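Heads up: the structure comes next, in structure tokens.
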2 protein chains.
Amino acid sequence: MLECRLTDRLGDYIDLTSDERTAVDRLTERELRLRRGATLLRENDRPGELYVLTRGTMMSYVLLDDGSRQIVRFLLPGDLVGMAGVIYQQSPETITASTDCTVAPFDRALLGILVDKHPRLGALLLALAQMERVVCTDRLAAIGRTTAKARVAALLLEVRDRLRQLDASIVDTFAPGITQEEIGDATGLTAVHVNRMLRQLEDDGLIAREGGRITLLDGPTLARISSYVNRYAGFDLGWLPPAR
Amino acid sequence: MLECRLTDRLGDYIDLTSDERTAVDRLTERELRLRRGATLLRENDRPGELYVLTRGTMMSYVLLDDGSRQIVRFLLPGDLVGMAGVIYQQSPETITASTDCTVAPFDRALLGILVDKHPRLGALLLALAQMERVVCTDRLAAIGRTTAKARVAALLLEVRDRLRQLDASIVDTFAPGITQEEIGDATGLTAVHVNRMLRQLEDDGLIAREGGRITLLDGPTLARISSYVNRYAGFDLGWLPPAR
DNA sequence: CGGCGCCTTGAGGCTGATCAAGGAACGTGG
DNA sequence: CCACGTTCCTTGATCAGCCTCAAGGCGCCG
């Protein structure tokens, strides 16, 4: 199973000093194991803690009155979990484990201390928050303004790019590890229609499927029809302050 | 015309020290005036600077290949503008003036310096970034999983709450200052259908319209049918580090 | 007075939802 | 080892919400 520490993730973007590394590792001293399907945090709970997801996958979503669900983000190892709730007295989202997984909980006061002692890390977290916001707006544009086929294609590309960031050996074949219903809940479609769109993409020769694994046969075309841009690349972090 | 400085906005959330105030004000030393319709930043431009919007309203949006537009956010005085692009070499969004307005440009390196000298402000900016992300996910859920009527209702409530934050005298009547086409581009609808939904809300007795001004006659019902939550309230910032 | 931007309303069509039924894979207990 | 339940995938038929196209009205400004 894929594993990634927060220091590894942050280290993808900047070279951490050993002081910074120590400070970040301090957030992940405790460890919590979750079973597939377990709920870490529920909407309107009081979100006292934050988490680093270290092993397994989770998802954050919102439930509406009529029982429908909007998946906001799939969480992968190395992701900070629960940041959206850090400013509220009530959590705006529910977070559950899609697979068995391990998280490291830490009090949110530690986040303040971390930023205070290591402003550069604060700036980096601010940058990563912006990245997530941009990913969210991309999804917004996809759901608001593109066809079902394009939305599914964009989601597949995003999943591929994020998995590749964790494991460079992943190129175009991967097991997304999410059901068609979850794809639907992330893209604003029904599971039935997601299934049809996957079939169409397959018939178009853009993807292949086999036993839960998906191969992107023609990434450029997929990206074109879905207006997909990889937001996990193309950074400019030259404005970050020096390490302290 | 409404006006709001960045220090005022940040001061809504925490009491700034005079040092912090000085540092924030330094970001807005320069001033740039824009005509209604002017574009401040275009998608894929190199985003070298950030801006504080001090007077007037703007909007940030994404254009898709087929010419359709997804409005990501309406910008009001006191808002930081361009933060989404701060981490990229190419701007992910276009920003244009909806009315004549005034912005204060500053180099993004200044952001790094600000965070370095005043970590508490860095943490606050991180918190505000999370808030925008939550607003974005609310919109996502609205577009992905709710009806046209609910989306329009939610947008009206959000506009009201944001205007009220700027001007406490605004209660339930306001001039949104946006066209029906813009409401559509923000909610993933066509202008024609927005018009029908406004008429329905009016026929239902939930809103009243008169000469471009809108009155929310029944906020609670509007909030209920649209699952709207005011994300501009209910904060918990107790975890911020002390001022430096 | 003419043009333009925006709003308004009607008619018809298409995308994606809903309802329904069945199949494959897998784990679990007898 | 097999029967069974559960979960997920797959496909067909019908329906409806929202889009598209079209036409006209109002108010403002040059």
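Here is the naming used below: chain letters follow the sequence lines, and residue numbers restart at 1 for every chain. Reckoned from all heavy atoms, side chains included, excluding hydrogens, waters and symmetry mates. In this text, all values refer to a predicted model and were calculated from it rather than measured experimentally.
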Is [X] salt-bridged to [Y], going by a charged N under 4.0 Å from an acidic O?
X	Y	value
B:Arg145	A:Asp185	yes
B:Arg139	B:Glu158	yes
B:Arg209	B:Glu202	yes

Estimate the overall bend of the helix from C:dC1-D:dG30 to C:dG30-D:dC1 from the end axes over five pairs each, rounded to 10 degrees.
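Here the helix ends are tilted 30° relative to one another.
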Output yes when a side-chain donor or acceptor of B:Thr99 lies under 3.5 Å from a complementary backbone atom of B:Thr57, and no otherwise.
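Yes.
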Between the main-chain N or O of B:Met131 and the side-chain N or O of B:Tyr232, is there a donor-acceptor pair closer than 3.5 Å?
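No, the answer is negative, given that no donor and acceptor are paired below the 3.5 Å cut-off.
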Tell me, which of residues 188-210 of chain B have any heavy atom that sits under 4.0 Å from an atom in DNA chain C?
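Result for residues 188-210 of chain B: B:Val192, B:Asn195, B:Arg196, B:Arg199, B:Arg209, sorted by number.
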Please list, by residue number, the residues of residues 177-187 of chain B whose heavy atoms come closer than 4.0 Å to an atom of DNA chain C; answer none if no residue qualifies.
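B:Thr179, B:Gln180 - these, ordered by number, are the residues of the stretch whose heavy atoms sit under 4.0 Å from the strand.
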Under 3.5 Å, side-chain donor or acceptor atoms of residues 34-46 of chain B against the rest of the protein: list the pairs with distances, not counting sequence neighbours.
unit_1, atom_1, unit_2, atom_2, d
B:Arg36, NH1, B:Ser98, O, 3.1
B:Glu43, OE1, B:Leu63, N, 3.1
B:Asp45, OD2, B:Arg42, N, 3.0

Whole angstrom is fine here: how far is it from CD1 in B:Ile143 over to C1' in C:dT15?
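The answer, rounded to whole Å, is 17 Å.
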Passes side-chain contact (heavy atoms from CB on, under 4.5 Å), B:Leu189 versus B:Ile143? Steps please.
CA-CA 9 Å; B:Leu189 300 169; B:Ile143 296 183; over 6 Å; no
Considering only heavy atoms, which members of residues 147-158 of chain B lie under 4.0 Å from some atom of DNA chain D?
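Contacting residues: B:Thr147, B:Ala148.
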Should the pair A:Arg160 and A:Phe174 be classed as cation-pi, given the thresholds of under 6.0 Å to the six-membered ring centre and 45° from the axis?
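That pair does not qualify as a cation-pi contact.
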For A:Phe106 and A:Tyr51, I'd like to know if the aromatic rings sit close, meaning centre-to-centre distance below 6.0 Å.
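Judged by ring-centre distance (under 6.0 Å), A:Phe106 and A:Tyr51 do not meet the cut-off.
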Sugar-phosphate only, base, or nothing, as touched by A:Arg145 at under 4.0 Å among non-hydrogen atoms:
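The residue A:Arg145 makes no contact with any strand.
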DNA chain C: 5'-proximal contact among A:Thr146 and B:Arg36 (nearest heavy atom)
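Whichever sits nearer the 5' end wins; that is B:Arg36.
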Check the pair B:Leu216 / B:Leu157 against side-chain contact (heavy atoms from CB on, under 4.5 Å), numbers first and verdict last.
CA-CA 8 Å; B:Leu216 306 190; B:Leu157 288 165; 3.8 Å; yes
So A:Arg133 and A:Val135, side-chain contact (heavy atoms from CB on, under 4.5 Å) or not? Walk me through it.
CA-CA 5 Å; A:Arg133 183 163 104 63; A:Val135 168; over 6 Å; no
Residue list, salt bridge (charged side-chain N to carboxylate O under 4.0 Å, His left out) with B:Asp66, at least two apart or on another chain:
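By the salt bridge (charged side-chain N to carboxylate O under 4.0 Å, His left out) rule, B:Asp66 matches no residue at all.
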Between A:Asp138 and A:Tyr228, is there a side-chain donor-acceptor contact under 3.5 Å, judged purely by atom types and distance?
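No.
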